Amino acid sequence: MVGSMDTITSVREMIEWSRFQISCRKDTGFVPTMGYLHDGHLSLVNRARSENDSVVVSVFVNPTQFGPNEDLSVYPRDPDGDSAKLEAAGIDVLFVPEAGELYSPSHETFVELERLSRHLCGKSRPLHFRGVATIVLKLFNIVLPTNAYFGSKDYQQLQVIKNMVRDLNVNTMVIGCPTIREHDGLAMSSRNSYLSPDQRKQAICLYDALMIARRLFAAREPDPNAYLQAMKSRVLSEPDALPDYISLVHPETLENLTTVNYNALAVMAVRIGKTRLIDNMLLAEPASRNQ
Ligand code: AMP
């Protein structure tokens, strides 16, 4: 029923709630977020709502996944707006832990994936996926979810979490959900709020570059360099755009492809001014805007 959302800030209380759900044999769907919620987040919430007895959403800006010169201190926040959106979406629990509750001063344990976290975003953000895997495992241990929902927009993150759950026998099903886009194709992201109106127009170069890759794939172009050159040239046509990486990789291993045949992921991180945006598209499926 809409209007019966509880907000829990204590780890102990959240664990008690989760244990009670399990004792009642109820399935819990979980959506971890860093807040400043948009329709991309809400699509995960709605999917969780439709597939579980109860839904928990966490809002926590996790310090361990930010590098020293990244945007932790200025990351956008809107606690009241988030709470209103989640209440309207009919979730059961909004979990908003304090950083001090999750990381004690003597915290020293981290989850690290040896291979997957070194590719793509891991090159310029070497500790990022260690922070992501650690916080997600901690949240899973607190929320004890049956199912957890993640966006394909953060494709590498989704693969990292799937592999962590497989490798550590975590008793939660990880479900990947499609990327939700603005009308012009830009992937929704809390970080889009950093863009000036002019940069917002330039940011469409990410989606355009992915569509170029899709067209080359449809034309059965086998040479990865043909894709990379065309994508890069579209991105560089915008004055404030600078690629961090543009790659064509295997969708599971995330290793660079030497030939493009039936299964590829076009994936990129691009700075528009100071704002780093990521996007990707699977080239194995029929065209769809919601990828
Ligand atoms: P964040 O708050 O950025 O950590 O994102 C929380 C969850 O929402 C992650 O699983 C993201 O992949 C997902 N997400 C973020 N943006 C989108 C989007 N545009 N479409 C679908 N899921 C998204």
Side-chain angles (χ1 to χ4, degrees), residues 29-51 55-67 70-72 74-79 81-83 85-86 89 91 94-97 99 102 120-121 125 128-129 131-140 143 145 147-165 172-195 200 203-204 206-207 210 265 267-269 275-282 288-291:
F30 178 42
V31 182
T33 81
M34 298 206 299
Y36 208 73
L37 302 179
H38 50 65
D39 285 350
H41 297 112
L42 295 178
S43 71
L44 309 186
V45 172
N46 291 335
R47 172 98 182 257
R49 180 73 283 166
S50 71
E51 295 179 355
V55 176
V56 177
V57 176
S58 63
V59 172
F60 179 65
V61 182
N62 173 40
T64 64
Q65 70 190 66
F66 287 79
E70 295 181 356
D71 56 343
L72 172 62
V74 294
Y75 195 82
R77 291 164 209 246
D78 181 17
D82 289 347
S83 182
K85 285 175 191 165
L86 293 170
I91 72 160
L94 166 57
F95 180 43
V96 197
L102 281 181
L120 305 175
C121 289
R125 308 185 78 192
H128 174 66
F129 291 110
V132 167
T134 303
I135 190 63
V136 170
L137 185 60
K138 283 164 70 65
L139 290 169
F140 281 6
V143 176
N147 300 303
Y149 297 82
F150 293 86
S152 300
K153 204 229 20 159
D154 299 276
Y155 189 95
Q156 188 173 12
Q157 167 173 287
L158 172 61
Q159 290 306 119
V160 160
I161 290 160
K162 279 184 178 168
N163 287 9
M164 173 190 79
V165 160
T172 292
M173 180 88 84
V174 174
I175 297 166
C177 302
T179 300
I180 305 300
R181 299 179 178 280
E182 303 286 358
H183 294 303
D184 61 358
L186 178 67
M188 289 189 182
S189 165
S190 307
R191 289 189 167 101
N192 292 348
S193 64
Y194 297 147
L195 300 170
R200 169 65 186 81
I204 192 58
L206 283 92
Y207 183 69
L210 294 172
L265 181 81
V267 56
M268 61 208 304
T275 305
R276 186 175 179 280
L277 301 178
I278 56 172
D279 204 349
N280 69 83
M281 193 166 281
L282 271 176
S288 148
R289 283 295 291 270
N290 276 347
Q291 270 194 22

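Counting starts at 1 for both ligands and their atoms, following the listed order. We number each residue from 1, following the sequence as shown. Since this is a predicted model, take the numbers as computed values, not measurements.
- Summary of contacts: the protein heavy atom closest to atom 4 (O) of ligand 1 is Met34 CG, 3.6 Å.
- The protein non-hydrogen atom at the shortest distance from atom 21 (C) of ligand 1 is Pro178 O, 3.4 Å.
- Near Leu44, the atoms of ligand 1 lying under 4.0 angstrom from a non-hydrogen atom of the residue are 7 (C), 8 (O), 10 (O), 13 (C).
- For ligand 1, one of its N or O atoms has an N or O atom of Met188 under 3.5 Å away.
- With contacts defined as side-chain heavy-atom distances shorter than 4.5 Å, the pair Leu265/Met281 does not qualify.
- A side chain to side chain contact (heavy atoms under 4.5 Å, CB included) with Ile91 is found for exactly one of Val57, Val56, Asn46, namely Val57.
- Leu277 places a side-chain heavy atom less than 4.5 Å from the side chain of Leu195.
- Distances between N or O atoms of Phe150 and those of ligand 1 include no value under 3.5 Å.
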Q: Would you check, one step at a time, whether the test salt bridge (Lys or Arg N to Asp or Glu O under 4.0 Å) holds for Arg125 with Glu70?
A: CA-CA 9 Å; Arg125 308 185 78 192; Glu70 295 181 356; 2.6 Å; yes

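- Residue Pro32 touches ligand 1 through its backbone alone, judged by heavy-atom distances below 4.0 Å.
- Partners of Asp39 under the side chain to side chain donor-acceptor pair (under 3.5 Å) rule, at least two apart in sequence or in another chain, do not exist in this structure.
- For the pair Gly151 and ligand 1, the shortest N or O to N or O distance falls below 3.5 Å.
- Nearest to atom 20 (N) of ligand 1 among the protein's heavy atoms is Ile180 N, 2.8 Å.
- Atom-to-atom distance recorded for His128:NE2 and Gln156:CD is 7.5 Å, nearest 0.5 angstrom.
- Distances between N or O atoms of Asp154 and those of ligand 1 include at least one value under 3.5 Å.
- Only one option out of His41, Arg47, Met173 pairs with Tyr149 in a side chain to side chain contact (heavy atoms under 4.5 Å, CB included); it is Arg47.
- Side chains of Asp71 and Tyr194: a donor on one and an acceptor on the other come within 3.5 Å.
- Within the set His38, His41, Glu182, the minimum heavy-atom distance to atom 2 (O) of ligand 1 is found for His41.
- Every side chain to side chain donor-acceptor pair (under 3.5 Å) that Asn62 has, sequence neighbours left out, goes to Thr64, Gln65, Tyr103.
- With ligand atoms numbered from 1 in the order given, ligand 1 contributes 20 (N), 21 (C) to contacts under 4.0 Å with heavy atoms of Thr179.
- Distances from ligand 1 to the non-hydrogen atoms of Ser152 include no value under 4.0 Å.
- Looking at Leu158 against ligand 1, nothing comes within 4.0 Å, counting heavy atoms.
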